[in-house]
Number of protein chains: 2
Amino acid sequence: MATISDVARAAGVSASTVSYVLSGRRPISAETRARVQAAIAELRYHPHAGARALASSRTSVLALVVPLRVDVNVPVIMQFVTAVVTAARAQNHDVLLLTKDEGTAGLERVAGATMVDALIVMDVECRDVRIPALRRLRQPSVLIGLPDDPDGLACVDLDFAATGREIVRHLAGHGHRRIALVGPTPVVYQRGTSYAERFLDGFTSTAAELGVRAVARPCEPGGDGVRACLAGIDAELSGVSALVVHNEEALLPLLDELRVRGRRIPEDVSVVAVCPRDVAVALPVRLTSVDIPAHEVGTLAVELAMGLLDGRGPAAPRLLPPTLVERDTCAPPP
Amino acid sequence: MATISDVARAAGVSASTVSYVLSGRRPISAETRARVQAAIAELRYHPHAGARALASSRTSVLALVVPLRVDVNVPVIMQFVTAVVTAARAQNHDVLLLTKDEGTAGLERVAGATMVDALIVMDVECRDVRIPALRRLRQPSVLIGLPDDPDGLACVDLDFAATGREIVRHLAGHGHRRIALVGPTPVVYQRGTSYAERFLDGFTSTAAELGVRAVARPCEPGGDGVRACLAGIDAELSGVSALVVHNEEALLPLLDELRVRGRRIPEDVSVVAVCPRDVAVALPVRLTSVDIPAHEVGTLAVELAMGLLDGRGPAAPRLLPPTLVERDTCAPPP
DNA sequence: TTGAAAGCGATACCAT
DNA sequence: ATGGTATCGCTTTCAA
């Protein structure tokens with residue numbers, strides 16, 4: 001492989017000049033630049049990443065920590081990953097993929113070895129054990145999610161409290177007075193991923209404010225889980241005219257179950273979901289929903305990381321405002 | 001951060017001794033080793049990846065190229081990714097994530113910059129433009145899939161021809177004489193990802209051998225696509241008693257459509273799918289299927305890559321034998 | 001069994 | 001506007 005000296009020799013300049021042509025960190029005459037670039041192309045020169053990292057203490061690599069558990073929604077994760085990789089590439093960075101199950105050790109390994117410039121961590125829990133570790137690292141990190149104490153760490157997420165609020169307002173605006181939340185599976189609450197609680201808060205408090213009767217139940221996956229959840233709802237509150245679904249796995253079995261029971265959507269019951277846009281539109285019926293903006297969140301995470309690398313300190317957590325999209329599953333109560 | 005010299009000083013040895021303790025490339029007295037290891041722990045020393053790569057021309061990083069297109073099945077991809085990352089970690093390697101849409105340039109970039117030791121490439125097409133580029137790289141690569149000319153490149157995949165064969169035999173064994181294949185979307189065939197054709201070959205030729213009437217149609221996504229596909233099948237062959245589905249997106253709408261038409265599974269029509277195990281069991285009805293062994297394929301890909309790095313040349317393509325699992329959707333014809 | 005020192009291939013400071 | 005060179009932190013050959 002050609003080295004920077006080979007290029008320098010071929011262009012009749014010094015190695016440092018080649019380096020400066022590449023980095024643009026100092027003025028170079030047009031003529032010299034042209035010769036150097038020709039030599040680079042000629043020799044198919046690619047700077048050696050390791051040598052660069054050693055000399056500059058910059059790797060141009062971001063770590064991305066993804067959850068690989070089965071209880072989290074796979075397509076959404078892939079959307080985040082796609083967004084992060086794409087945004088990173090747009091900023092001339094590559095992405096090293098870590099899995100959450102390596103835990104704190106994985107973070108310390110890649111950071112300690114200076115394999116990455118910054119870390120982006122998905123699926124952050126309220127009192128995530130990794131947070132103290134992240135604070136200790138030499139590299140900055142960006143969390144996707146909102147832990148209890150985000151102090152000093154950059155965070156991005158959908159504003160789930162506002163999402164709950166927005167949906168309840170929307171339904172109340174349509175005239176619904178009795179609504180129910182089909183929540184995530186119990187483990188999500190147990191694990192303490194804050195989004196579930198934030199959503200629930202927004203949902204519950206807004207319902208109270210608006211004088212809407214509301215009940216919320218977690219929902220186990222599968223048809224049985226859905227039936228159990230609906231039974232719980234019915235037992236607690238009769239005459240529910242709208243279901244809010246914050247559980248993608250439950251969506252399909254739920255629609256199924258409603259059809260089996262002969263309840264038409266939206267004539268007999270309205271349904272509003274929180275899920276990525278494509279699942280909302282891919283289902284048998286186009287769901288009215290608040291989209292989970294995976295692409296925006298991922299992109300923003302990368303931008304925040306870049307900002308931190310440029311010395312712009314972590315601002316307050318960035319909570320993206322929800323957008324409710326009316327599709328075919330929401331109408332006034334019967 | 002502590003460097004190898006810091007460790008050496010703390011342990012009262014030379015830097016090279018520390019290096020040898022770490023690499024195990026030459027005998028070290030137990031006593032010295034202990035002192036060095038104590039110093040390493042004490043100083044929380046992590047070797048600098050860039051420096052290491054520079055000195056040894058080994059990065060301990062594998063590139064993984066994934067398709068991010070929407071027309072490929074997302075959960076399956078995640079399974080491959082999970083398997084590769086896990087297997088790589090087990091061999092003390094990390095994974096750099098590239099997207100297919102960067103094309104040849106992405107491969108040349110990470111290979112040229114010596115960011116990785118080897119590449120694993122998913123979603124390989126029959127005459128993939130990336131293949132000549134891969135051959136030119138200094139680093140070895142492993143393909144997941146089977147191109148027209150795999151010469152000199154390591155390949156892993158499910159044996160799709162055998163899969164088609166196996167399924168037809170199974171149905172014929174149950175007594176089916178008229179069967180139909182609901183294939184992937186037309187774009188999959190157009191793109192020339194070989195698995196679709198290999199499967200079709202196995203399906204068609206085995207049906208012919210066994211004297212089973214068979215028809216095959218691609219299937220566009222969504223309910224409309226499924227209905228069009230079924231219409232095409234009916235027009236070509238009447239009395240079909242078994243459907244073979246090689247299209248995950250179509251699975252759910254298909255089951256839906258069959259129910260709407262009042263055709264019971266498996267009493268009126270048998271269904272055999274080719275899909276990952278978890279989607280086969282997650283659907284409303286547990287599908288008889290041949291599992292796509294993403295985990296095995298991913299793990300094997302990493303092992304092949306390691307082999308290539310150790311100088312063990314690429315053997316013939318590794319095509320994994322299919323396993324048909326009988327569940328609830330297969331019975332003798334009515 | 002251990003040490004000394006020469007690279008590996010860039011960057012960036014100090015000169016001119 | 002350009003060049004020379006110390007430096008980054010490690011691996012590995014050569015010596016002892």
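Lettering of chains follows the sequences in order, A, B, ..., and the numbering in each one begins at 1.
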Exercise. Return the value, rounded to whole Å, for the distance between atom CZ of Arg138(B) and atom P of dC8(C).
Key: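 The answer, rounded to whole Å, is 14 Å.
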
Exercise. Please report, rounded to the nearest Å, how far the C1' atom of dG4(D) is from the CZ atom of Arg9(A).
Key: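 These atoms are roughly 15 Å apart.
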
Do the side-chain N or O atoms of [X] get closer than 4.0 angstrom to the phosphate oxygens (OP1, OP2) of [N]?
X: Ser16(A); N: dT11(C); value: no
X: Arg25(A); N: dA12(C); value: yes
X: Ser14(B); N: dT2(C); value: no

Are [X] and [Y] within salt-bridge range, i.e. N to O under 4.0 Å?
X: Glu108(B); Y: Arg136(B); value: yes
X: Arg318(A); Y: Asp157(A); value: no
X: Arg135(B); Y: Asp151(B); value: no
X: Glu125(A); Y: Lys100(A); value: yes

Surrounding [atom1] of [X] (heavy atoms of other residues, nucleotides or ligands, distance under 6.0 Å), is the total greater than 12?
X: Gln91(A); atom1: CD; value: yes
X: Arg130(B); atom1: CZ; value: yes
X: Arg26(B); atom1: CZ; value: yes

Quiz item: Does the base of dT2(C) carry an N or O that pairs as donor and acceptor with the side chain of Arg26(B) under 3.5 Å?
Solution: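 By the distance-only test, yes, there is a pair.
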
Quiz item: So, does the side chain of Tyr20(B) form a donor-acceptor pair with the base of dC10(D) at under 3.5 Å?
Solution: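 Under the 3.5 Å cut-off, the side chain and the base do not form any donor-acceptor pair.
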
Report which part of the nucleic acid [X] touches: base, sugar-phosphate, or nothing (heavy-atom distance under 4.0 Å, all strands).
X: Ser29(A); value: sugar-phosphate
X: Val18(B); value: nothing
X: Ser57(B); value: nothing

Self-check item: Residue met sooner reading DNA chain C from 5', once Thr17(A) and Glu31(B) are mapped to nucleotides
Solution: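 Looking at the nearest nucleotide for each, Glu31(B) comes out on the 5' side.
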
Between the protein and nucleotides 7-9 of chain D, which nitrogen or oxygen pairs come in under 3.5 angstrom?
residue, atom, partner, partner atom, Å
dG9(D), N2, Ala51(B), O, 3.4

